[in-house]
Amino acid sequence: MELLHSMERPSETAARWSPVFIRLALGITMLIAGVGKVFAIGPKPMGISGFAGFLASLGVPLPMIMAWGVGLLELVGGLLLLAGLAVRLTGALLAIDMFVATVLYHLPNGYPAASNGIELTLVLALIAVAVVLSGPGALSIEQTLGGQEDRTRGSSQSRATDG
């Protein structure tokens, strides 16, 4: 019975380090997307004016303001996730960003990413939700500053001693 019980709970090490890899996956992706939108470099070098034009073609109101908002969210949000700072807030904002992109542009194109479908943005939205739920994990500025991660670890340790 003890083996089954221990298999149900992730080890403390896994619980602390798994969120780091989730943060890195989303942070790297968002940083690269933001660099392309803001600085017009990288694999998708749109630039703000190109992205604003794209948003205007979709009927998005205030396309230049929205382009700056989304571009900076993805750029700064990617950096924040990589550093492990404001992780839950950033994850929530990026989840909304990816959900809007999914519905506004990708949904009519079907599922495959190869046809600009929902595949990538849906996965990124779900990863962002996982970031919100898991928090920063180890190796983060939040943990160093004694943020949510320490409180979570302490409560899991007290549950382990209760059971």
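Only this structure's heavy atoms are used, side chains among them; waters, hydrogens and symmetry mates stay out.
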In this structure, CE of M30 is separated from CD1 of I127 (nearest 0.5 Å) by 9.0 Å
OG (S134) and CZ (R88) are apart, to the nearest 0.5 Å, by 7.0 Å
Closest non-hydrogen atoms of P136 and E142, given as atom of the first, atom of the second and distance, are CG-OE1, 3.5 Å
Hydrophobic clustering (ILVMFWY, side-chain heavy atoms < 4.5 Å, transitive) - are M46 and L124 grouped together? no
#### Entry: Trace of the side chain to side chain contact (heavy atoms under 4.5 Å, CB included) decision for Q143 with R16
CA-CA 10 Å; Q143 181 192 28; R16 290 185 64 231; 2.5 Å; yes
Nearest heavy-atom approach of A130 to I22 is CB-CG2, 4.2 Å
Would you call I32 and P43 a side-chain contact if the rule is heavy atoms closer than 4.5 Å?
yes
Exercise. Is there a donor-acceptor pair closer than 3.5 Å between any side-chain N or O of S18 and the backbone N or O of A14?
Worked result: yes
Joint hydrophobic cluster, L107 plus L126, side-chain heavy atoms closer than 4.5 Å: yes
I28-W17 co-clustered via ILVMFWY side chain contacts under 4.5 Å: yes
Q. Ignoring hydrogens and geometry, is there a side-chain-to-backbone donor-acceptor pair from H106 to I118 under 3.5 Å?
A. no
Minimal heavy-atom distance between G135 and P19, with the atoms involved, is O-CB, 3.5 Å
- Task: Group every Ile, Leu, Val, Met, Phe, Trp and Tyr by side-chain heavy-atom contacts under 4.5 Å, then state whether L120 and L81 land in the same group.
- Result: yes
Rounding to 0.5 Å, atoms CG (L82) and CG (L26) come to a distance of 9.0 Å
When rounded to the nearest 0.5 Å, the distance separating CG of L145 from CG of L85 is 7.0 Å
Under 3.5 Å, side-chain donor or acceptor atoms of residues 50-78 against the rest of the protein: list the pairs with distances, not counting sequence neighbours.
| from | atom 1 | to | atom 2 | distance (Å) |
| --- | --- | --- | --- | --- |
| S57 | OG | F54 | O | 2.6 |
| E74 | OE1 | K37 | NZ | 2.7 |

Contacts under 3.5 angstrom, residues 89-103 side chains, donor-acceptor by atom type, not counting sequence neighbours:
| from | atom 1 | to | atom 2 | distance (Å) |
| --- | --- | --- | --- | --- |
| T90 | OG1 | A86 | O | 2.7 |
| T102 | OG1 | M98 | O | 2.7 |
| T102 | OG1 | T121 | OG1 | 2.7 |

Please answer: with hydrophobic residues joined when any side-chain heavy atoms are less than 4.5 Å apart, are L139 and L79 in the same cluster?
yes
List, one per line, each side-chain donor-acceptor pair under 3.5 Å for residues 108-116, sequence neighbours excluded.
| from | atom 1 | to | atom 2 | distance (Å) |
| --- | --- | --- | --- | --- |
| N109 | ND2 | Y105 | O | 3.3 |
| N109 | ND2 | N116 | O | 3.0 |
| S115 | OG | N109 | O | 3.3 |
| S115 | OG | P112 | O | 3.2 |
| N116 | ND2 | Y105 | OH | 3.4 |

